[in-house]
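Note that the numbering runs from 1 along the sequence shown for the chain.
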Amino acid sequence: MSAPLVVSFWMRSAFTFVDTAYAATLGDSAVAAIGLTAPFEFLMIAVWVGLSTGLTSGLSRAMGARQGARIEQYLGLTWKLVVATSIAFVALGAGIWALAPRFGLEPDVERDFRIYGAVLIAGSAFTSFWSVIPDSLVKAHHDTRATMWAGIWSNVINVVLNTLFLFVFHWGVFGIALSTVIGRLGGLVYALVQAGRHERRRKAADLDTRPERDPRPARALLALAVPSSMTFALMGAEVGLVNALLATLRNPTEGIAAYSIFYRVQMFALTPIIAIGVAMLPYAARRFGAGDVAGVRRGLRDAGLASAAYAALLVGPVMVAGARALADALSESELTAAYAAFALRLVPISVVVGTPFLLCRPIFEGLGRGVPGLAVAAIRYVVLTAPLAWIGMRIAERMGEPALYGLLVGTLTAAAVASAVFYGWVAATLRALEPVGMAGEREAARA
């Protein structure tokens, strides 16, 4: 299940990275505008992931229990949630357009952010959230290849339209945002076709033998959806906080643009870890159900070792050798390129310190516990990030270095501390569950 998801998530990560690459041809103000939109994108991702987590879990359980009525119940409720969510994010896009002049940005950055942010967020409210339902259906049918191909189609359409809108029609950041919105529509159509095919096949097989309905469907869907959404929302808040701190610097446009480049590359590098984390949820849930706590521990160990090898053998050499060239390609000014080159060399470290956070959260979700992930996210993004980033900036300035460098070190330190806390929490939980799991295994053996 992980392999197609790695490809799919890389396509989705490349989706936003493509925007940055094309924006670099317009100048640093366009790149900075994309960076300023990142917190709102993260909020959108947070809600999408939350809805998808709750629906995928509910559909999977209902399919396993052959409860067709419950499947229809969950789908009907999710349609209503999607409509409400789409309306809310259209309003958010309008808010970006109306309130951008109050952010105190430089004129070029304000103009580009106002256009890009409003079009991307309001437009994607339809082409992104509507994909929750078909995407959850294909995952519930264990068809992660459909997810992969939806991402590929979206990215191909995005690249083609970016080229057309930018270099033929000369629509600037408006064209970049519009191509992203339309590209996501391509992935939505593909997922709808595949989900419909799976559902027709399931209904034709006449497997639904149990008529039970969920007495509290909203509670079942939102029990994991809300903590998952809040966790991702806090991740987006970190980007907003960083942008706010960078806006106070002597060279704010260059700082924000450099961080935007670092952020996009970092997320692209983390894609395989994120995919493994998604696969870790059903992996852990099945083993907890079987009482195989030791299997969960082995899975976490193997995933961690694979992630460390990936960071050391692939991400590290690529960033060390290519950081400056990549920074030059994505930057307009020499100062932005210098900032970005330093930041990109920290990407391997960000992968290492971020891995435990991404792998431990689904283990708790496999137990049906969404609160631990939210709690550790709050420790990282609410308690640690702001003070450590501020302290890092002050130390860097006293050392005669750019404040951005200290900010990056501060945020990585916050990530490392949070990951250590999360890993310790998971290890303690697994130790406490191991006697129960062993008893379950002995009972299964006797049966």
Side-chain angles (χ1 to χ4, degrees), residues 35-36 38-47 49-50 53 222-249 255-256 259-260 262-263 266-267 270 273-274 277 280 300 304 307 343 346-347 349-365 367 369-399 403-430 432:
L36 290 169
F40 302 99
E41 284 189 274
F42 237 120
L43 180 60
M44 179 173 286
I45 293 171
V47 176
V49 169
T53 299
L222 298 177
L224 288 177
V226 172
S228 180
S229 292
M230 293 178 67
T231 298
F232 273 82
L234 289 175
M235 293 170 67
E238 180 189 45
V239 182
L241 172 64
V242 168
N243 284 332
L245 290 172
L246 293 175
T248 66
L249 299 181
I256 293 173
Y259 185 79
S260 177
F262 164 78
Y263 169 74
Q266 172 191 243
M267 294 306 297
L270 281 170
I273 316 301
I274 295 171
M280 183 68 76
L300 177 60
S307 300
L346 297 178
V347 168
I349 299 175
S350 73
V351 172
V352 171
V353 300
T355 292
F357 181 87
L358 294 170
L359 296 183
C360 290
R361 183 171 58 86
I363 290 178
F364 278 113
E365 290 177 341
L367 283 168
R369 303 178 188 177
V371 173
L374 178 59
V376 176
I379 291 173
R380 175 176 173 177
Y381 301 115
V382 177
V383 177
L384 296 177
T385 295
L388 290 179
W390 185 86
I391 292 171
M393 292 172 66
R394 300 288 82 81
I395 293 175
E397 289 176 336
R398 290 186 180 182
M399 295 174 62
L404 171 66
Y405 297 177
L407 179 145
L408 290 169
V409 173
T411 57
L412 290 177
T413 302
V417 172
S419 286
V421 170
F422 215 170
Y423 183 80
W425 194 346
V426 164
T429 300
L430 293 179

Kindly state each residue pair satisfying salt bridge (Lys or Arg N to Asp or Glu O under 4.0 Å) with at least one member in residues 351-364, sequence neighbours excluded.
R361-E365

Between [atom1] on residue [X] and [atom2] on residue [Y], distance to nearest 0.5 Å:
X: L384; Y: E238; atom1: CG; atom2: CD; result: 10.5 Å
X: I363; Y: T429; atom1: CD1; atom2: OG1; result: 9.5 Å
X: C360; Y: L300; atom1: SG; atom2: CG; result: 5.5 Å
X: I273; Y: T355; atom1: CD1; atom2: OG1; result: 4.0 Å
X: Y263; Y: T411; atom1: OH; atom2: OG1; result: 12.5 Å
X: F422; Y: L358; atom1: CZ; atom2: CG; result: 9.5 Å

Testing the basics here: between [X] and [Y], what is the closest heavy-atom pair and its distance to 0.1 Å?
X: V347; Y: Q266; answer: CG1-CA, 4.2 Å
X: G50; Y: S229; answer: CA-OG, 3.1 Å
X: L408; Y: A343; answer: CD1-CB, 3.5 Å
X: L270; Y: S350; answer: CD2-O, 4.4 Å
X: L222; Y: P227; answer: O-CD, 3.9 Å
X: M393; Y: A403; answer: CG-O, 3.5 Å

Among pairs that include at least one residue of residues 382-399, which meet side chain to side chain donor-acceptor pair (under 3.5 Å), considering only residues two or more places apart or in two chains?
R394-E397

What do the steps show when you test M267 against I274 for side-chain contact (heavy atoms from CB on, under 4.5 Å), and what is the final call?
CA-CA 9 Å; M267 294 306 297; I274 295 171; 4.1 Å; yes

Are any of the side-chain heavy atoms of M230 and V226 separated by less than 4.5 Å?
yes

Taking only residues two or more places apart in sequence or in another chain, which ones pass side-chain contact (heavy atoms from CB on, under 4.5 Å) with [X]?
X: V49; result: I45, T53, S228, F232
X: A377; result: T231, L234, F357, Y381
X: I349; result: L346, V353, L412
X: A386; result: L241

For W425, all residues meeting ring pair (Phe, Tyr, Trp, His ring centres under 6.0 Å), sequence neighbours excluded:
F364

Can you name the ring pair (Phe, Tyr, Trp, His ring centres under 6.0 Å) partners of Y405, sequence neighbours left out?
F342

Checking T413 side chain against V409 main chain: does a donor-acceptor pair fall under 3.5 Å?
yes

